[in-house]
Amino acid sequence: MNEILRTEKLNKFFYEPEPFQVLTDISFAVNEGEFVALIGKSGSGKSTLLYLLSTLDTDYEGRLIIKNNLLTGLSQDALAKFRNDNIGFVFQFHFLLPEFTALENVMMPALKQGKYKRSDIEEMAMEKLRQMEMQEYAKKPSAKLSGGQQQRVAIARALINEPAIVMADEPTGNLDSTNSEIVIEIFEDICRNKGKTIIMVTHDNDFAQRASRILELVDGRLKK
């Protein structure tokens with residue numbers, strides 16, 4: 001397997017209300033097609049680590065390498081382009097635009113990328129919705145969808161640009177058990193059958209056990 005992500009001695013500090021080191025010497029690698037679960041107690045630093053890996057937080061010490069690109073130290077514009085091309089995001093809260101339809105929400109990252117005609121992007125977005133079994137809701141405003149449906153639309157949006165890595169922060173945290181199971185099954189499918197790499201923060205140990213590898217954080221350090 002080819003390596004897709006590597007961290008080298010990541011350290012992260014918070015300075016308010018007083019200096020505190022939240023991550024200490026985080027070093028690990030992830031291969032293409034892996035499904036990695038990040039677990040740990042509340043306050044262990046798992047969501048903070050995901051934000052570093054996603055390049056949304058650049059205030060850290062150490063090195064982050066994704067797809068053989070050293071991302072540490074790049075400009076915000078360069079990081080934004082890299083994220084849009086290579087990383088898909090799924091959060092605990094879906095962050096859909098409520099006045100837009102499901103289809104329009106899924107199309108947005110591809111419209112921003114600007115590689116394809118709008119008509120082509122619309123068909124790409126419909127295909128992603130079909131993968132989520134959400135095609136019949138394509139023209140429905142996202143505010144009119146259930147929580148589980150909204151999360152499936154958010155996953156379709158995360159996949160529209162065919163990212164190399166999908167990063168998910170507590171993606172089932174606001175869902176009931178039925179919809180949580182649907183989301184995990186989708187993740188398993190896109191990892192196993194679509195070759196996507198997934199890095200998922202979760203507090204649910206049952207779901208974590210279904211990943212191909214578990215990384216546990218304890219007080220800001222990777223458990224050996």
Side-chain angles (χ1 to χ4, degrees), residues 1 3-14 20-57 59-66 71 83 86-95 147-148 151-152 154-155 158-159 163-192 194-224:
M1 282 189 178
E3 182 179 286
I4 194 168
L5 178 148
R6 172 175 292 276
T7 69
E8 298 175 354
K9 292 188 176 298
L10 293 186
N11 290 278
K12 171 70 179 177
F13 295 84
F14 291 149
F20 171 70
Q21 186 165 3
V22 63
L23 295 173
T24 303
D25 290 342
I26 303 294
S27 297
F28 67 96
V30 176
N31 290 326
E32 289 180 351
E34 273 198 289
F35 184 173
V36 177
L38 288 174
I39 67 171
K41 293 180 180 179
S42 179
S44 63
K46 55 189 186 296
S47 290
T48 300
L49 175 57
L50 192 75
Y51 274 70
L52 299 190
L53 301 180
S54 68
T55 76
L56 290 171
D57 184 351
D59 182 16
Y60 62 87
E61 298 173 359
R63 286 163 41 106
L64 172 64
I65 300 157
I66 299 179
L71 301 182
R83 281 194 301 271
N86 296 283
I87 302 174
F89 299 95
V90 182
F91 299 102
Q92 181 173 349
F93 185 72
H94 48 77
F95 293 115
Q151 193 64 303
R152 279 189 272 170
I155 296 171
L159 297 174
I165 305 177
V166 175
M167 297 192 184
D169 189 10
E170 301 279 12
T172 63
N174 285 331
L175 302 180
D176 59 28
S177 59
T178 299
N179 282 296
S180 294
E181 178 64 26
I182 290 170
V183 167
I184 292 301
E185 287 179 354
I186 289 170
F187 279 6
E188 289 176 326
D189 176 67
I190 63 176
C191 185
R192 182 170 53 246
K194 310 295 184 195
K196 301 298 182 189
T197 303
I198 299 174
I199 302 176
M200 176 184 72
V201 166
T202 183
H203 65 276
D204 191 316
N205 285 328
D206 289 337
F207 287 146
Q209 295 298 326
R210 292 164 66 171
S212 54
R213 181 156 59 112
I214 295 174
L215 296 176
E216 183 176 1
L217 281 169
V218 178
D219 296 331
R221 296 178 183 269
L222 278 179
K223 186 175 180 180
K224 301 297 184 181

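Residue numbers start at 1 and run along the sequence shown.
Summarising the geometry, atom CE belonging to M200 is positioned 9.0 Å from atom CD1 belonging to I214; distances are rounded to the nearest 0.5 Å. To the nearest 0.5 angstrom, L71 atom CG is 6.5 Å from T55 atom OG1. Distance check: R213 CZ to N31 CG gives 7.0 Å after rounding to the nearest 0.5 Å. How far CD1 of I198 is from CZ of F35: 5.0 Å, rounded to the nearest 0.5 Å.
For the pair V36 and F28, the minimum side-chain heavy-atom distance is 4.5 Å or more. The shortest side-chain heavy-atom distance between I65 and E3 does not fall under the 4.5 Å cut-off. You'll find the side chain of L217 reaches within 4.5 Å of the side chain of L222, heavy atoms only. Under the 4.5 Å side-chain criterion, counting only non-hydrogen atoms from C-beta, I66 is in contact with I87. The shortest distance between side-chain heavy atoms of N179 and D176 falls below 4.5 Å. Counting heavy atoms from C-beta outward, I165 and N86 have side chains that stay 4.5 Å or more apart. The shortest distance between side-chain heavy atoms of M167 and L5 falls below 4.5 Å. At least one side-chain heavy atom of L159 sits under 4.5 Å from a side-chain heavy atom of I190.
A donor-acceptor contact shorter than 3.5 Å links the side chain of Q151 to the backbone of F91. Not a single donor-acceptor pair under 3.5 Å links the side chain of K46 to the backbone N or O of L38. Judged purely by atom type and a 3.5 angstrom limit, N11 uses its side chain to pair as donor or acceptor with the backbone of K9. Between the side chain of T7 and the main chain of L64, no donor-acceptor pair closer than 3.5 Å is present.
Between V201 and P171 the shortest heavy-atom distance is O-CD, 3.6 Å. Summarising the geometry of T172 relative to S180, their closest heavy-atom pair is CB-OG, 3.5 Å, with the distance given to 0.1 Å. The minimum heavy-atom distance between A158 and F89, with the atom names listed, is CB-O, 3.4 Å. Contact record, G173 with H203: CA-CE1, 4.2 Å, taken as the closest heavy-atom pair. A37 and T202 get closest at one heavy-atom pair: CB-CG2, 4.5 Å. Annotation for R6 and A29: closest pair NH2-CB, 3.8 Å, computed over non-hydrogen atoms.
Residues meeting the side-chain hydrogen bond (donor to acceptor under 3.5 Å, both in side chains) test with R210, sequence neighbours left out: E181, E188. Applying the side-chain hydrogen bond (donor to acceptor under 3.5 Å, both in side chains) test to Y60 and every residue at least two apart in sequence or in another chain returns T72. When the ring-ring contact (aromatic ring centres under 6.0 Å, His included) test is applied to F207, no partner is found at least two apart in sequence or on another chain.
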> Would I4 and E34 satisfy side chain to side chain contact (heavy atoms under 4.5 Å, CB included), going step by step from the backbone distance to the final call?
Replying inline: CA-CA 9 Å; I4 194 168; E34 273 198 289; over 6 Å; no

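The local environment of CG in D57 is crowded, with over 12 non-hydrogen atoms from other residues, nucleotides or ligands closer than 6.0 Å.
Between K12 and the options L49, I26, L23, T24, a side-chain contact (heavy atoms from CB on, under 4.5 Å) holds for only L23.
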